[in-house]
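Read the structure below first, then the notes.
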Amino acid sequence: MKMALRACLRTKPGLTALLSQLSCSGHAAARRAPALVAQRSSSSTSQKIKVDFDQSSGVAVMHMQSPPVNSLSLEFLTDVCIALEKLEMDKSCRGLVVTSSQPKVFSAGLDILDMYGKSPEHCAEFWKAVQEMWLKFYGSNMITIAAVNGSSPAGGCLLSMTCDYRIMADNPRYSIGLNETKLGIVAPFWFKDTMVNTVGHRATEMALQLGLLYSPAEALKIGLVDQLVHEDQVLTTATETMTKWLAIPGILNISYTCHFFHLWCCNLVCTICSCVCQVIAAKKIHLSQDF
Ligand SMILES: CCC/C=C/C(=O)SCCNC(=O)CCNC(=O)[C@H](O)C(C)(C)COP(=O)([O-])OP(=O)([O-])OC[C@H]1O[C@@H](n2cnc3c(N)ncnc32)[C@H](O)[C@@H]1OP(=O)([O-])[O-]
């Protein structure tokens, strides 16, 4: 399925360029990849990601373990993408649960320290990695469930929204949402689109304009998460829920179709934006030459 997705995307110029640029191999090749061993139950670990794969159920659990708050740095994003790609290539892996090993936090979002005062080359690599994570999760042909066992602002919320289902710890001290506006930054359009797909247009408009962070109860109310459970039961509920999803015939195809459609729409928008930018740039060059 993944290969089919890529083959289809290859026919579309915008995302083709994006995918080829975003391929893990470029910035990730030199990094140590978590290995997936084909046995009944296996565990693989990179520095920041631990993957437990139960071959009998076909379900893998990805533990994010990047202290203190699983902030999404270039290094961490690369590890996530490599781990995901390995699972994707293993046809016996049909479901993926993503969770955090850090207390109180699922992910604090993009690593602010990795965005500030860095070289343009680093920033380009960083943003490629962010987009790659988004594309890989959203375009995955596995069933993906986010076991949100702590706060999940900004990019952490995005990560959870790329999954098919979200289970959050019912602890009022935790929060989730796209709070970029409150930080004085604009959430990229594909953050916005992902939220629209999750909670609808109006809720997204409110969330982004006000930079809202929701308590678990509020998040459940607007559909930002699908289920609340006691903190100790987030992971077990996620694996139980996964069993139900995987028992539905053809579910992978349904999931694939939905995600593919979204990616196709994004591709279309990317292509249009790219054309508009090129026209504007060409006009600016023309005007400056006139002067
Ligand atoms: C461009 C548009 C798109 C942008 C998308 C984004 O995701 S933008 C991102 C938007 N993200 C946010 O707005 C989230 C901001 N973070 C929070 O709200 C809280 O940290 C928390 C609720 C995640 C955890 O609360 P808690 O009480 O459990 O933990 P704590 O608060 O005590 O922090 C512990 C340590 O982690 C550090 N650190 C934290 N976050 C980040 C980060 N993103 N990066 C790097 N580091 C971060 C923090 O400085 C501290 O370091 P120190 O001093 O020990 O060296």
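Atoms within a ligand are numbered from 1 in the order they appear, just like the ligands themselves. Atoms considered below: every heavy atom in the structure, side chains included; atoms not considered: hydrogens, waters and symmetry mates.
Among the atoms of L113, none of the N or O lies under 3.5 angstrom from an N or O of ligand 1. Where the criterion is an N or O separation shorter than 3.5 Å, residue side chain and backbone included, A108 meets it with respect to ligand 1.
You'll find the side chain of K192 reaches within 4.5 Å of the side chain of V196, heavy atoms only. Counting heavy atoms from C-beta on, the side chains of M161 and Y138 never come closer than 4.5 Å.
Regarding atom 24 (C) of ligand 1, its nearest protein heavy-atom neighbour is V105 CG2, 3.6 Å. In this structure, atom 27 (O) of ligand 1 lies nearest to the protein heavy atom K104 NZ, 4.7 Å. Protein heavy atom at the shortest distance from atom 22 (C) of ligand 1 is S151 CB, 3.9 Å. Nearest to atom 33 (O) of ligand 1 among the protein's heavy atoms is V69 CG1, 4.1 Å. Shortest contact from atom 50 (C) of ligand 1 to any protein heavy atom: P68 CG, 4.8 Å.
For ligand 1 and D111, the ligand atoms under 4.0 Å from any heavy atom of the residue are 44 (N), 45 (C). Residue W127 has at least one heavy-atom neighbour below 4.0 Å for each of these atoms of ligand 1: 1 (C). Per-residue contacts place P188 under 4.0 angstrom from the following atoms of ligand 1 (heavy atoms of the residue considered): 2 (C), 3 (C). Heavy-atom proximity to G155, at under 4.0 Å, picks out these atoms of ligand 1: 6 (C), 7 (O). Listed by number with element, the atoms of ligand 1 under 4.0 Å from a non-hydrogen atom of P153 are 14 (C). Of all the atoms in ligand 1, the ones that sit under 4.0 Å from a non-hydrogen atom of V186 are 2 (C).
Within a 4.0 Å radius of atom 6 (C) of ligand 1, the protein has at least one heavy atom. Protein heavy atoms are found inside the 4.0 Å sphere centred on atom 39 (C) of ligand 1. For atom 11 (N) of ligand 1, a protein heavy-atom neighbour is found at a distance under 4.0 Å. Within a 4.0 Å radius of atom 48 (C) of ligand 1, the protein contributes no non-hydrogen atoms. Checking atom 44 (N) of ligand 1 against the protein gives a heavy-atom contact under 4.0 Å. For atom 36 (O) of ligand 1, a protein heavy-atom neighbour is present inside the 4.0 Å cut-off. Atom 17 (C) of ligand 1 is not flagged as protein-proximal [any protein heavy atom, distance under 4.0 Å].
For V98 against C163, the heavy-atom pair with the smallest separation is CG2-SG, 4.4 Å. Smallest separation of non-hydrogen atoms from A154 and L178: O-CD2, 3.3 Å. When every heavy atom of T78 is checked against every heavy atom of L74, the shortest pair comes out as OG1-O, 2.7 Å. Taking all atoms of both residues into account, the shortest heavy-atom contact from A147 to V97 is CB-CG1, 4.0 Å. Closest of all the heavy-atom pairs between V51 and A83 is CG2-CB, 4.1 Å. Nearest heavy-atom pair across S71 and D111 is OG-OD2, 2.9 Å.
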Q. Does the pair E132 and K128 meet the rule for a salt bridge (Lys or Arg N to Asp or Glu O under 4.0 Å), with working shown?
A. CA-CA 6 Å; E132 180 165 5; K128 279 183 196 171; over 6 Å; no
Q: Check the pair K221, E218 against salt bridge (Lys or Arg N to Asp or Glu O under 4.0 Å), reporting the backbone distance first and the verdict last.
A: CA-CA 5 Å; K221 198 171 168 190; E218 291 166 338; over 6 Å; no
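Counting heavy atoms under 4.0 Å from ligand 1, residue S175 does not touch it at all.
Side-chain atoms of S140 and E88 form a donor-acceptor pair, as typed in the model, at a separation below 3.5 Å. Using modelled atom types and a 3.5 Å distance limit, the side chains of D170 and H230 yield no donor-acceptor pair. Using a 3.5 Å distance cut-off with no hydrogens or angles, the side chains of N70 and S107 do not pair a donor with an acceptor. Judged by distance alone, the side chains of T194 and W134 do bring a donor and an acceptor atom under 3.5 Å apart.
Contact analysis leaves Y116 out of contact with ligand 1, as no non-hydrogen atom separation drops below 4.0 angstrom. Heavy atoms of L158 come nearer than 4.0 angstrom to ligand 1 in no pair at all.
Compare E180, Q102, M115 by their heavy atoms: the one nearest to atom 3 (C) of ligand 1 is in E180. The nearest non-hydrogen atom to atom 13 (O) of ligand 1, considering only L110, I112, N179, comes from N179.
Going from atom CG of D90 over to atom CD of Q55 covers 6.0 Å, rounded to the nearest 0.5 Å.
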